[in-house]
Amino acid sequence: MQRRPRRNRKTQAIRNMVEETRLSVKDFIFPMFLIDGVNQKIPVASMPGIYRYSLDLMLYEIEECVNLGIMAFDIFPAYPENKKDKYAKESYNPDTFYLKAIFTIKQKFPEIALMTDVAMDPYSSDGHDGLVEEGKILNDETLDILGKMSLAQAQAGADILGPSDMMDGRVGYIREVLDSNGYTDVSIMSYTAKYASAFYGPFRDALDSAPKHGDKKTYQMDPANYNEALIEADLDTEEGADFLMVKPALAYLDVIRLLRDNSNLPIAAYNVSGEYAMVKASAERGWIDGERAMLESLLSIKRAGANIILSYFAKEFAMLNR
Ligand code: PBG
C-alpha cells in the first residue's frame, strides 16, 4: 500500500497536528434565562443544568462565565401571563425588568458582547412572534412593534440585536430605526434560516412562551427546504445584517455549510434547547457519554462552517477547557 491514512492517527501528538477543527471558548454565545425578582434560581425542568435567574444571581453567573473566558451572552426574559398582551407592549416599556437588567449587566461588564432577542413571543398573550389578527400573523404591523422593541434594547445597552421572528423585511426595518436614532453601532445578528422545529420545546417551557393556538409555519421555514435559506440570506445581507444565523444547528448542518460557502458574513448557529435536552436526557439514563456527545455535537457545528455557536453547553464547555 502506498497510502496509509492511519499513520496520521497513530498517536495523540500526531492527531493533534492534523486536527482540522478546533473549538474555543471564544466561539460561544451563552443564552441565559432571566426572571423578575431577587434571589431566584429556578431550574428549567426540561434542561438539566439550566436555570432562570433573577438579575442579582445572573450577575454572579455572568461573572463566573467571564472568568472562564465566555465573552458573549444572549438574554431571554420570561414574563408572567399577566404582563403579556396582544401587542407585546411590555417589550418596550422603559420600566420593565429586562431592560433594566440589560442596562445593569452592561454597566457591570462593559467588555462583554451582550445580545438580546427581538421577537414578540415572550411578551405576547398569543405566544406568537408576530401580531395575530383572526388567526393570521400580520407581517408589516409586527415590524412596527419590533422597531420599538429594538430601539428600547439599544437604549438599554444591547450590543447585538437578534431578530428571531422571521417576519419579512425586519432586518432593514430595524436597521433604519437604529440608524435614525443614532444607534449606528448596534449590530444585528439575524436569525436568517430559522426553521419551524420541534427542537424548541424546552425553550418554550423555560419562557412559558408556547403559541396558544396554531403553529409557526407561516413564518418559520419548512425543515424540507434548503435553497430557500439562500433567499433569506440574500435579503438579510442586503438589509444590513452583520451576522447570519442558522437555527437549529444539528439537524441543519448542511444549511450552515450552505450559508458559509455563499456569504462573506460571519455565520452563527444556534444549538437549541431540544438539542441540549436530548444529550442531557440520554446521558442521565446512562445511554450515552454526555460529555463526549456534547463535544462531538459542538465540534460538528463548527466543522459544518459555523463561526459562532449559541449553546446552553457554553459554560460546561468552558469548564472543561479551563
Ligand atoms: C423566539 C425564540 C425561540 C428560540 C429563540 N427565540 C423559540 C421559537 O421560535 O419558538 C428557541 C431557542 C431554543 O430552543 O433554544 N422567537
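Read the numbers this way: they start at 1 and go in the same order the structure lists the ligands and their atoms. Everything quoted here is computed from the prediction, not taken from an experiment.
Distance from atom 14 (O) of ligand 1 to its nearest protein heavy atom, with residue and atom name: S273 OG, 2.7 Å. From the protein, the heavy atom lying nearest to atom 5 (C) of ligand 1 is K247 NZ, 2.5 Å. With respect to atom 2 (C) of ligand 1, the closest heavy atom belonging to the protein is K194 NZ, 3.3 Å. Looking only at heavy atoms of the protein, atom 16 (N) of ligand 1 is closest to S164 OG, 2.8 Å.
A salt bridge does not link E20 with K302: none of the charged nitrogens is closer than 4.0 Å to a carboxylate oxygen. In summary, R170 and D165 engage in a salt bridge, as defined by a charged side-chain N under 4.0 Å from a carboxylate O. Salt bridge status for D27 with R22: absent, with no side-chain N to carboxylate O gap under 4.0 Å. Electrostatic pairing of E81 and K84 counts as a salt bridge here, judged by a charged N lying under 4.0 Å from a carboxylate O. Remark: K216 engages D121 in a salt bridge, criterion side-chain N to carboxylate O under 4.0 Å.
Proximity to Q220 (heavy-atom distance under 4.0 Å) selects the following atoms of ligand 1: 8 (C), 9 (O). Every atom of ligand 1 is numbered from 1 in the order shown, and the set under 4.0 Å from a heavy atom of D117 is 6 (N), 16 (N). Per-residue contacts place D121 under 4.0 angstrom from the following atoms of ligand 1 (heavy atoms of the residue considered): 1 (C), 2 (C), 16 (N). In summary, the atoms of ligand 1 found under 4.0 Å from a heavy atom of Y312, numbered by their order in the structure, are 12 (C), 13 (C), 15 (O).
Here the shortest heavy-atom pairing between Y270 and M245 reads CB-SD, 3.8 Å.
With 3.5 Å as the limit, one finds no donor-acceptor pair spanning the side chains of D208 and Y79. S54 and Q40 share no donor-acceptor pair across their side chains, judged by distance under 3.5 Å alone. A donor and an acceptor atom, one from each side chain of N67 and E63, are nowhere located under 3.5 Å apart.
Of the options M47, M120, R204, the smallest heavy-atom separation from atom 10 (O) of ligand 1 is shown by R204. Checking F203, Y270, Y200, F76 against atom 3 (C) of ligand 1, the nearest heavy atom belongs to F203.
Using a 4.0 Å heavy-atom cutoff, Y276 is absent from the residues neighbouring ligand 1. Using a 4.0 Å heavy-atom cutoff, E275 is absent from the residues neighbouring ligand 1.
Proximity of A119 to ligand 1, defined as any heavy-atom pair under 4.0 Å, is confined to the side chain (atoms from C-beta onward). By the criterion of a heavy-atom distance under 4.0 Å, both the backbone and the side chain of V272 are placed next to ligand 1.
For ligand 1, the polar-atom distance check finds an N/O of K216 within less than 3.5 Å of one of the ligand's N/O atoms. For ligand 1, the polar-atom distance check against D165 finds no nitrogen or oxygen pair separated by under 3.5 Å.
No side-chain heavy atom of M167 sits less than 4.5 Å from a side-chain heavy atom of L138.
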